[in-house]
*Asks:* 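The following block contains the structure, expressed as structure tokens.
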Amino acid sequence: MDSFTIKGGSKIQGEVRVSGSKNSSLPVLFSTVLTSEKCVIKNVPDLMDIKSTFDMLSYAGKNCFFGFNLFSAGEGKKLKTEAPYELVRKMRASVLIAGPLLARFHHVKFALPGGCAIGVRPIDIHLEGFKKMGAKISYEEGNVILKADRLKGARIKLAFPSVGATENLMMAAALIDDLTEIRNAAREPEISDLAGALRKMGAEIEGDGTPVLKVRGKTRLRGFEHSVIPDRIEAGTFLILCAALGGSLKVTEIVPEHLKVLIKKLKESGAQLYVGRDYVEIKAPARIKSVNISTGPYPAFPTDLQAQWMAYMTLASGTSRIQENIFENRFMHAAELMRMGADIKIKRNCAFIKGVKGLSGATVMASDLRAGAALLLAGAAASGKTRIRRVYHIDRGYDRIEEKMRCAGVKMERAKE
Ligand code: UD1
């Protein structure tokens, strides 16, 4: 397991080019199962989660290629309609193979993804939707089996605007020659990106980006070429990094519209931001003001930037409050930040952060992807050296992170263990 050693205290300066979105790439890659024709996807980040998706698609029988941020998939033989536990356990988003396999072959058997560090994360909303489309659900030795003689269009109201469930159901609906309406759908930009790819395949989709999504599918879908949107969470991580460390940074090749709430919150904390067409320039505040946040489904503050915001607020003047409304156990990073000198109290789904004069370097452990990002940020802001263990969590979601951090002025090294 690799670790990072960061020498804290540098000021930020320079420019960082953001990679393609991990959370967009995953469903778009899985949507290639909907057709036997060739699909080409560009701007795909080079990450562990992409490798896991590649492995799952290859196991199913797709002919995959990935290199230089380009992914392609074709098909030479009949696909297997299975996703075994050894592959599924590596990534929760593996469940996104279910919708495409079910829609195309009317059968899928996949291992239940199980829990993870940030909570139980069930898939009941996905399954409820498939049931409405006519699938029969059964369970066998830790696997879920979905079967349908014929899938039909349906009116589905999600119990919560789950990103994964919206994507899974949209992909299945794209291959049903009927109208499916998904109410209380997720509105994240990644949903619209997937809708864009499915349209290129031939599906008719309306309402992406709103709570009511209408999909009129086709009996056959075409191959497609698509370039995924920039990663708004990576962009946000770098903007917060600069605000916390001081200095200025230009974050490029992004869609600033996707970062509206973060930009507003950063301005409230005293940072100056200039928003360009596809970039944002930030100048860090001389004194960080404490700012409360409350996470929620898009367009609210993203839960995937909550940990990084907490690391930032440890350095603010006064006390701030963070309310986490998406995952029940997403404050694991608080304990590690406290080992670096932060003053944080947790009460149910709220964290109260009393700003301190400075953090000091320590050996800490990344418990999940975004918790890892928060520790990177804290380590770069702290005095002395910080060693972050279990960086494989960070590698799941950040493409060439040490190269980009160095570009921004942070001194860090990776040690292979
Ligand atoms: C996606 C993102 C993840 C982000 C999250 C919330 C990907 C690959 N991952 O995850 O980075 O943090 O959205 O923005 O895009 N839930 C249920 N039943 C379900 C499905 C979800 O109870 O069937 C709950 C979850 O446990 C969680 C909440 O709904 O508490 C949100 O989950 P969801 O939006 O589905 O997140 P993911 O798609 O897993």
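Atoms within each ligand, like the ligands themselves, are counted from 1 in listed order. For reference, positions follow the sequence shown, starting with 1. Computed from a predicted model, the values in this text were never measured in an experiment.
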*Asks:* Decide whether an N or O pair under 3.5 Å exists between Pro161 and ligand 1.
*Replies:* no

*Asks:* Short N/O distance, under 3.5 Å, between Lys22 and ligand 1?
*Replies:* no

*Asks:* Show every side chain to side chain donor-acceptor pair (under 3.5 Å) that has at least one partner inside residues 38-48, sequence neighbours left out.
*Replies:* Lys42-Glu225

*Asks:* I'd like to know if His126 contacts ligand 1, where contact means a heavy-atom distance under 4.0 Å to any ligand atom.
*Replies:* yes

*Asks:* Do any nitrogen or oxygen atoms of Asp304 lie less than 3.5 angstrom from nitrogen or oxygen atoms of ligand 1?
*Replies:* yes

*Asks:* From atom 18 (N) of ligand 1, work out which of Leu369, Asp124, Asp49 has a heavy atom at the shortest distance.
*Replies:* Asp124

*Asks:* Can we say Arg414 and Glu402 salt-bridge, meaning some charged N sits less than 4.0 Å from an Asp/Glu carboxylate O?
*Replies:* yes

*Asks:* Determine the sole option in Arg370, His258, Lys22 for which the side-chain contact (heavy atoms from CB on, under 4.5 Å) test with Ile233 is passed.
*Replies:* Arg370

*Asks:* Taking N or O atoms only and a 3.5 Å limit, does Phe160 qualify as a polar contact for ligand 1?
*Replies:* no

*Asks:* Any cation-pi pair here, Lys80 with Tyr59, using under 6.0 Å and within 45°?
*Replies:* yes

*Asks:* Can you name the nearest heavy-atom pair linking Val228 to Ser25, along with the distance?
*Replies:* CG2-OG, 3.6 Å

*Asks:* Below 4.0 angstrom from a heavy atom of Arg330, which ligand 1 atoms are there? Numbered from 1 as shown, please.
*Replies:* 12 (O)

*Asks:* Determine, using heavy atoms of Met91 and all atoms of ligand 1, whether some pair is separated by less than 4.0 Å.
*Replies:* no

*Asks:* Among Glu141, Glu82, Glu140, find the residue that satisfies the salt bridge (charged side-chain N to carboxylate O under 4.0 Å, His left out) test when tested with Lys109.
*Replies:* Glu140

*Asks:* Step by step, work out the salt bridge (charged side-chain N to carboxylate O under 4.0 Å, His left out) result for Lys152 and Asp178.
*Replies:* CA-CA 7 Å; Lys152 55 181 196 298; Asp178 199 355; over 6 Å; no

*Asks:* Short question: side chain of Trp309, backbone of Val291 - any donor-acceptor pair under 3.5 Å?
*Replies:* yes

*Asks:* Would you call Ala165 a ligand 1 contact, heavy-atom distance under 4.0 Å?
*Replies:* no

*Asks:* Could you name the option among Ala300, Gly129, Pro122, Ser162 that has the heavy atom nearest to atom 19 (C) of ligand 1?
*Replies:* Pro122

*Asks:* Under 4.0 Å from a heavy atom of Val163: which atoms of ligand 1 are those, numbered in the order shown and with their elements?
*Replies:* 1 (C), 13 (O), 33 (P), 34 (O), 35 (O), 38 (O)

*Asks:* Is Gly164 in polar range of ligand 1, meaning some N or O pair under 3.5 Å apart?
*Replies:* yes

*Asks:* Short list, please: which atoms of ligand 1 are under 4.0 Å from a heavy atom of Thr303?
*Replies:* 6 (C), 12 (O), 14 (O)

